[in-house]
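Notes follow the structure.
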2 protein chains.
Amino acid sequence: MQSHQILKEHIAKTIALTDDQFDYFFSHFKSQSFKKGQAIIASGDTVEREYFVLDGCLKSFYINDDQKMFILQFAMPTWWTSDYNALYSGVKATINVDCVTNAEVLYISNSDREKLCKEIHEVEHFFRWRTNRGYVASQKRLLSFMNNDAKHRYEELLAQYPALYNMVPKHLIAAYLGVSRETLSRLYNP
Amino acid sequence: MQSHQILKEHIAKTIALTDDQFDYFFSHFKSQSFKKGQAIIASGDTVEREYFVLDGCLKSFYINDDQKMFILQFAMPTWWTSDYNALYSGVKATINVDCVTNAEVLYISNSDREKLCKEIHEVEHFFRWRTNRGYVASQKRLLSFMNNDAKHRYEELLAQYPALYNMVPKHLIAAYLGVSRETLSRLYNP
DNA sequence: CTTAGATTGTGATGTAGGTCACGTAAGTTC
DNA sequence: GAACTTACGTGACCTACATCACAATCTAAG
């Protein structure tokens, strides 16, 4: 499927744009291919773009002072990702984004998104709802962290993304769950 | 200060409305007083409104099956709160909101907010940015949970809201940090 | 084929924080 | 001002998970 069509169907779930409007909207995106392991945003970068995944899987993650990795999000097809704090506030990136698998993405610059939001009211509506959903999801995950143990969170994750199990190495799943890879290993090999 | 003025100054930080536009916007809000301890949203409710705090302090929290409380947010003056999952999706509340102190709030219905967002492009922009900031804050808190121990999170909280220390009982701070009140007590009485 | 790097399992041991139990002090209510 | 309730501290013990160490596969590059 064409990237044009993938994005169009994704947008159409939230707002109704005419074909001309969508073509104009789409003209602000560029596509790019990445290889497995390749970095898209590195800590310290100036972040100017956000990414829409067409194919493959990205991860956004934080590396702490002890070089330990914490994964905020796996971005699958039709997911958006970036270091939003850096993108919105203009500060340097503290979050990294790279490729778990080979990946195809569309990207749009922060300024083009803002321009489109201003020009087309419906587009602003779309981005408001996208963030609304992200906010609710983020609060749910926070609650799960406070409330549930690692085993419970692991089952939750697999229920939500069965594909992940055979797609990404276990130490990345551990980094998403916030446990050590050893503990994760013991969870399903008791 | 009048509630009209408090909301006006809050909104003006993000968007520019004419006086007439703001008056129209404001006409969709109603004010309400609550006593300390009073419930605003209870788990199981249908949620139709979101709340803007004028004075006092609210908390939004989750109660798990063991009757253990987890605080998502303390809402201070000029903060917004609700069960956003319930509000946006029309499902029953799973989050509770009540008053840590006596409180004055403004509230607006979900349908009036959506109507205003449609009628006034700038208003939609305001709510998009409000959620953007909330999303970034929520991700930061999630990272802090994964990365830092309870003592670190406690110091972070006090740095961010020094007022809380003398305003809310310690067991609520513990419920925000995701530790038991005993552990919190031992953190600052070593 | 061969070597180097990932990936995963598993034992031994350490620790942050939970739970239970009890005591004290400070508000509240009648 | 007595009777309750809420807030807070603290000791004893328990548990989930981290860390360290080592072995076994598996994969990819030369």
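Reminder, nothing fancy here: chain letters follow the sequence lines and each chain counts from 1.
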Is Gly178(A) touching bases, backbone alone, or none of the nucleic acid, heavy atoms closer than 4.0 Å?
sugar-phosphate
Nearest-angstrom distance from the residue atom CG of Asn166(B) to C1' of dA7(D)
14 Å
Give me the ring orientation class for Phe26(B) and Phe29(B): parallel if the planes are under 30° apart, tilted from 30 to 60°, perpendicular past 60°.
parallel
So if you build clusters from Ile, Leu, Val, Met, Phe, Trp, Tyr with side-chain heavy-atom gaps below 4.5 Å, do Val100(B) and Leu158(B) land together?
yes
Do Gln73(A) and Thr81(A) meet the criterion of a side-chain donor-acceptor pair at a distance under 3.5 Å?
yes
Leu187(A) CG - dG9(C) C1' separation (whole Å)
13 Å
For the side chain of Asn189(A), starting at C-beta, report the closest nucleotide among dC17(D), dG17(C), dG9(C).
dG9(C)
If you check the Ser180(B) side chain, which of dG9(C), dG18(C), dC8(D) turns out closest?
dG18(C)
Which one, dA16(D), dG9(C), dG18(C), comes nearest to the side chain of Val179(B)?
dG18(C)
Does the ring center of Phe74(B) lie less than 6.0 Å from the ring center of Tyr161(B)?
no
When the distance from CG of Asn148(A) to C1' of dA16(D) is rounded to whole Å, what number comes out?
14 Å
Answer yes or no on whether Arg141(B) is positioned over the face of Tyr176(B), meaning its NZ or CZ is under 6.0 Å from the six-membered ring centre and within 45° of the axis.
yes
For Lys68(A), is there any backbone N or O sitting under 3.5 Å from a side-chain donor or acceptor partner on Asp66(A)?
no
NZ of Lys170(A) versus C1' of dT27(D): gap in Å, rounded?
15 Å
Leu72(B): which other cluster members, linking ILVMFWY side chains closer than 4.5 Å, directly or transitively?
Tyr62(A), Phe70(A), Leu72(A), Ile95(A), Leu142(A), Leu143(A), Phe145(A), Met146(A), Tyr62(B), Phe70(B), Ile95(B), Leu142(B), Leu143(B), Phe145(B), Met146(B)
Could you go through nucleotides 20-25 of chain C and list every protein N or O atom that sits under 3.5 Å from one of its N or O atoms, giving the distance for each pair?
{"residue": "dC20(C)", "atom": "N4", "partner": "Glu182(B)", "partner atom": "OE2", "Å": "3.2"}

Atom CZ of Arg153(B) and atom C1' of dG17(C): how far apart are they, to the nearest Å?
10 Å
Does any N or O in the side chain of Asn110(A) come within less than 3.5 Å of the main-chain N or O of Glu48(A), such that one atom is a donor and the other an acceptor?
no
I want to verify a distance call: between dA16(D), dT8(C), dT10(D), whose nearest atom is closest to the Tyr188(A) side chain?
dT8(C)
Angle between terminal axes - the helix from dC1(C)-dG30(D) to dC30(C)-dG1(D), 5 pairs each end, rounded to 10°:
50°
Electrostatic pair Glu156(B):Lys140(B) at N-O distance under 4.0 angstrom:
no
